[in-house]
Amino acid sequence: DVKVTQSSRYLVKRTGEKVFLECVQDMDHENMFWYRQDPGLGLRLIYFSYDVKMKEKGDIPEGYSVSREKKERFSLILESASTNQTSMYLCASSRQGFSNQPQHFGDGTRLSIL
Amino acid sequence: AQTVTQSQPEMSVQEAETVTLSCTYDTSESDYYLFWYKQPPSRQMILVIRQEAYKQQNATENRFSVNFQKAAKSFSLKISDSQLGDAAMYFCAYSSPNFGNEKLTFGTGTRLTIIP
């Protein structure tokens, strides 16, 4: 089974801090994704990576950056955390070239910015 | 850009009964994929069922089936013989078939409650 592991289930940080959310997948998937989940808004794509060192902006990239130095690891970075970035963050991975294949999700990180 | 709409924020159903969750989408593409994902409370999001737009036949997975109406751009999920373990957030999602663009567009979700 595919396993997508997010480094923290819960995280509390302060306004202005630089925050790193880590995600690792063990199935050699080319694609990795970071989503933000908010009540009433569903999942919104922040960034998408289809290869090492490659990235594409999603629907809400402002205030975020990403890093993919190795195929299995995809990091989301909040450069200067703000209270409106308090949310649930979900990481996912999938095989490239197979749009009918599901994305596999991690357990999520619930991030609170105080 | 594609959009996905789930107009029912919350639904409830008696255990063992049948419930249908609605999803509509907007796209100019002729080929695409549609998914229903389930997110149980405090648990991982998992795939429930998928449908390929070029297939006429509605997908079925055990107690879960879809009613795919391509012309109406509608993709509803029917859960038969509802069980307590079906309680979850359900998300409808759309994917383009283009290589290298396997992003998903999600709806806002429907929270399903099962009444014992």
Side-chain angles (χ1 to χ4, degrees), chain A residues 1-6 8-10 23 25 27 29-52 54-61 66 74 87-110, chain B residues 1-10 21 23-25 27 29-55 59 61 64 68 88-111:
Chain A
D1 276 355
V2 176
K3 190 160 181 63
V4 179
T5 303
Q6 294 185 230
S8 306
R9 287 298 297 270
Y10 301 94
C23 175
Q25 51 94 4
M27 280 301 290
H29 284 169
E30 294 84 4
N31 297 332
M32 295 189 75
F33 308 84
W34 274 107
Y35 295 93
R36 172 175 171 159
Q37 182 178 2
D38 298 290
L41 297 177
L43 277 74
R44 294 178 290 167
L45 182 66
I46 304 172
Y47 267 99
F48 159 47
S49 171
Y50 51 90
D51 200 352
V52 175
M54 305 304 289
K55 62 185 179 185
E56 273 192 25
K57 292 180 180 180
D59 300 317
I60 52 165
V66 291
F74 192 35
S87 187
M88 170 72 88
Y89 290 87
L90 294 175
C91 176
S93 72
S94 71
R95 292 179 65 191
Q96 192 172 80
F98 295 90
S99 290
N100 63 335
Q101 295 299 306
Q103 290 186 10
H104 298 268
F105 287 83
D107 288 337
T109 296
R110 189 166 293 282
Chain B
Q2 294 79 23
T3 59
V4 177
T5 301
Q6 293 179 250
S7 58
Q8 306 154 316
E10 296 184 351
L21 308 184
C23 173
T24 59
Y25 57 93
T27 184
E29 296 174 318
S30 58
D31 195 18
Y32 45 86
Y33 302 98
L34 296 166
F35 304 84
W36 279 98
Y37 282 86
K38 170 185 177 181
Q39 186 182 42
S42 301
R43 293 184 62 189
Q44 206 172 58
M45 181 101 71
I46 57 172
L47 177 71
V48 175
I49 198 166
R50 80 190 97 182
Q51 175 79 42
E52 296 167 357
Y54 64 86
K55 289 189 176 178
E61 290 284 346
F64 297 86
F68 173 49
M89 282 291 290
Y90 286 82
F91 292 96
C92 179
Y94 173 103
S95 177
S96 294
N98 303 320
F99 181 88
N101 188 27
E102 297 94 3
K103 295 179 283 189
L104 288 174
T105 300
F106 284 89
T108 52
T110 297
R111 182 176 302 280

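Just so we're on the same page: letters track the sequence lines, and every chain starts at 1. No hydrogens, no waters, no symmetry mates; every other heavy atom, side chains included, goes into these values. What you see is a predicted model; the values in this text were computed from it and never measured.
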- Query: Please walk me through it: do B:F91 and A:Q37 pass side-chain contact (heavy atoms from CB on, under 4.5 Å)?
  - Reply: CA-CA 11 Å; B:F91 292 96; A:Q37 182 178 2; 3.4 Å; yes
- Item | Intermediate values then yes/no, side-chain contact (heavy atoms from CB on, under 4.5 Å), B:Y37 and A:Q103 | CA-CA 10 Å; B:Y37 282 86; A:Q103 290 186 10; 3.9 Å; yes
- Message: Give me each pair satisfying salt bridge (charged side-chain N to carboxylate O under 4.0 Å, His left out) with a member in residues 31-43 of chain A, each pair once, sequence neighbours excluded.
- Response: A:R36-A:D38, A:D38-A:R44
- Task: Heavy atoms only, distances under 4.5 angstrom: which of B:V4, B:I46, B:L47 has the most pairs with chain A? Name it, please.
- Result: B:L47
- Message: List the residues meeting salt bridge (charged side-chain N to carboxylate O under 4.0 Å, His left out) with B:E61, not counting sequence neighbours, and say none if there are none.
- Response: none
- Message: Rounded to the nearest 0.5 Å, what separates atom CZ in A:F105 from atom CZ in B:R43?
- Response: 15.5 Å
- Item | Separation of A:Q6 CD from B:Q44 CD (nearest 0.5 Å) | 9.0 Å
- Below 4.5 Å from any heavy atom of chain A, which atoms of B:Q51 appear? Answer side chain, backbone, both or neither. neither
- How far does OG1 of B:T108 sit from CG of A:L43, to the nearest 0.5 angstrom? 10.5 Å
- Task: With the side chain counted from C-beta on, respond yes when A:F33 and B:L104 share a heavy-atom pair under 4.5 Å apart, and no when they do not.
- Result: no
- Message: Taking atom CZ as the centre, does B:R111 end up with more than 12 heavy-atom neighbours from other residues, nucleotides or ligands that are less than 6.0 angstrom away?
- Response: no
